[in-house]
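Heavy-atom basis, side chains included; hydrogens, waters and symmetry copies ignored. Keep in mind that what you see is a predicted model, and the values were worked out from it rather than measured. Numbered from 1 within each chain, the chains take letters A, B, ... in sequence-line order.
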Amino acid sequence: MRHLLGIAELTETELSAVLDRTAKIAQGAIFSFAQPVALAFYEPSTRTEMSFVRACQMVGASVLRLLPERASVVKGEGPEETLHTLRAIGARVLVVRSGEPLLPHRLSELGVAVVNAGDGCHEHPTQALADLVALQRAVGAVRGLRVLVVGDHLHSRVSRSTVRLLSQQGAKVELAGPPDLLPEGFAEMLGADHCPDLEQGLSRADVVMALRIQQERMGQTVVADLGAYRRQWGITQERYLGLRQVPWLMHPGPANLGVEIDSELVDGTKSLIRSQVTSGTQVRAAVLSLLGEEVA
Amino acid sequence: MRLIIKGGRLLDPGLGLDQVGDLVVEAGLITQVGGSQPADGGQVVEAQGQVVMPGLVDMHVHLRQPGQSAKETLETGLRAAVRGGFTALAAMPNTNPVIDQPARAVQIEQAAAALGLARVHQMGAISLGSGGELLADFAGYAQAGIRAVTDDGLPVGAGGLMRRALQHARATGLVVVTHSEDPSLAQGGVADDGPDAWRLGLPTQPASAEAAMVARDLVLAAETGGRLHVAHVSTAATVQLIRTARANGVAVTAEATPHHLLLTSAQLARLGTLAKMNPPLRQERDRQALIAGLADGTIDAVATDHAPHTGAEKAAGWLKAPFGVTGMETALPMLVAKLVEPGLIPLGRLIEAMSSAPAAILALAPRTLSVGAVANLTLVDLSAAVTFSADRLATAGKNCPFLGERGLGRVLGVVVEGRWLAW
């Protein structure tokens, strides 16, 4: 694997290698990668950035952290120029998070291995891999599994990456959400089905994943009444615990607690939300160590 | 000064003329069409194998003067025009500063004329600074010979201002050229709303952002009697609105660009920011509607919306890169290869849409091969294939979506008001 840009670009072989390596890392195997890894997070992040830092430690890589608000970015330096600088300093892998879709793809042509840690509304491949691993650990194979993903799909890179990956792996994925945040044709684009009725979708789901409402990406306030959103689309205690068969619960975080998901459910017995974070760190360590073998 | 164009195929769809023969120009006017003329006493252009057609006019060009010479200069822009076969072009006023004063417009026209290349007709801004609030001096524009006004690049958001612009346009004989976009619908979207853009995570604008604004402007044109020209039509709904309005007697004309006629949002991933323009590339059904509109005359003219930018600007990514692509040098060969050659648009109709139609909309000298007409001519070898590459474009703006494509039609040169310009 030379880069991890998106689920769209990930080959079956690369996917198996990542899953295989992740399993070994989870069992305590050590894969060392003694090359510097640069983290350039142009957008704020808690779990992704921290878990990449932890992943670097797990594989023995030294970390170069770019803090855009304190770097030459504020003097107008473009990401290409920054990457050339990081490369000259010694970075062999760049982990990049940006508001700009396809920035990682642009940077992947400059001689450094690039990991996409989220590019605008486009893709978030390590999150998708983390979700897949967390799910596989809970249920085994995902083939035939009924997964319902609820919320703001239009602005969600997680939807684009995770839904695509789970569909590719044979899960039966359905998408539900408000009509302006899940336009007609969106589900089909990702190989999923559009679920017009949340209650019906929930009643047949093995897994339900709530998505974050991305108020920060909306040019205008689309969800004005968060209470109304919760009533119609929220994974609430009543709605979730009242189901005859309670499905596995997922959320990529950070959650708007009490809006798209009730806080009481986050640590419930069938919640995979913490497990998604743990698997995320392992997946990222696996990805870094695999890339390290190519650039070494 | 006598100019003899020898042995070309003289083609003027407006006259029903299509014959091989000589054409003579004296003192800037066409004096003989057809037959065989003695080559003595004058400049001779050997035109065997060339089509001699009415001079092309590009009514939508961003020359970037004044203030943006990193993107284009008058010289590079006008060389590109000549290479593309254009004898004249209309320059957009969204420069730095905005051309919102008649004197400023005249200055650009004079500076362009001094270069002796294609003729420039400068448009004036509708509102001061294209700020969308205060109407510019339309009477002054008309007196200075300006033909059209536009705030192109920005929509005229306020209906009240557009209404007054149309009233003043009617009184002064100007044409109001609209960049039709409802900002509350467009929301700064960089691509057409649909799966192609969703897949890439791009912010989108719906077709209604254009069509709804055109609907408003058509109502205002009907009410005021002002002449409206809809720039860069991109959606099927817009074509239908214009068709209906014209059938109802509204004084409206329209143009479409080569990129909207030839490309769709399916090319977003392949072209990257070379597919970022406003309005955006639409869906295949929109493209088909544009072709049908061009065929039946609902779309009067083809105009390129030639919008040069620097390589660095266009490399800044989907959100940061500026809107716009260049197209003067690729327009004719690409349209001949992709629309005429497959039989979708007759050659005569394309020539009309690129010469006499835009000339008529802007009230320029008629583009025709008639005795007595001002000699504006384009000479093209329509059997010659051309492949486009950045280093062979004369424009400083290499941001062209047709690089690497194969067009049909090599421009030999143009006659601009009697002067022969080969490139």
Under 4.5 Å from any heavy atom of chain B - which part of [X]:
X: A:L190; value: neither
X: A:E80; value: side chain
X: A:L103; value: neither

> Would A:R157 and A:E43 pass as an ion pair if we require N to O under 4.0 Å?
Replying inline: yes
>> I'd like to know if A:E49 and A:R65 make a salt bridge, using a cut-off of under 4.0 Å between side-chain N and carboxylate O.
In response: yes
> Is it the side chain or the backbone of B:A316 that comes within 4.5 Å of chain A heavy atoms, both, or neither?
Replying inline: backbone
> Does the ring pair (Phe, Tyr, Trp, His ring centres under 6.0 Å) test come out yes or no for A:H153 and A:H155, once each step is laid out?
Replying inline: CA-CA 6 Å; A:H153 295 272; A:H155 301 96; over 10 Å; no
>> For chain B, which candidate among A:E123, A:R160, A:R164 shows the most heavy-atom pairs at distances under 4.5 Å?
In response: A:R160
> Looking at A:E188, A:H105, A:R106, A:E184, which makes the most heavy-atom pairs under 4.5 Å with chain B?
Replying inline: A:R106
> Considering heavy atoms only, which positions within residues 194-203 of chain B lie below 4.5 Å of chain A?
Replying inline: B:P195, B:W198, B:R199, B:L200, B:G201, B:L202
Taking side chain as C-beta onward, heavy atoms only, is [X] less than 4.5 Å from [Y]?
X: A:D131; Y: A:M250; value: yes
X: A:L10; Y: A:P125; value: no
X: A:V37; Y: A:F52; value: no

> With no hydrogens and no angle check, do the side chains of B:Q288 and B:E284 hold a donor and an acceptor under 3.5 Å apart?
Replying inline: yes
>> Using a 6.0 Å cut-off, check whether atom NZ of B:K398 has over 12 heavy atoms from anything other than its own residue.
In response: yes
> Does B:T273 offer a backbone N or O that forms a donor-acceptor pair with the side chain of B:K314 under 3.5 Å?
Replying inline: yes
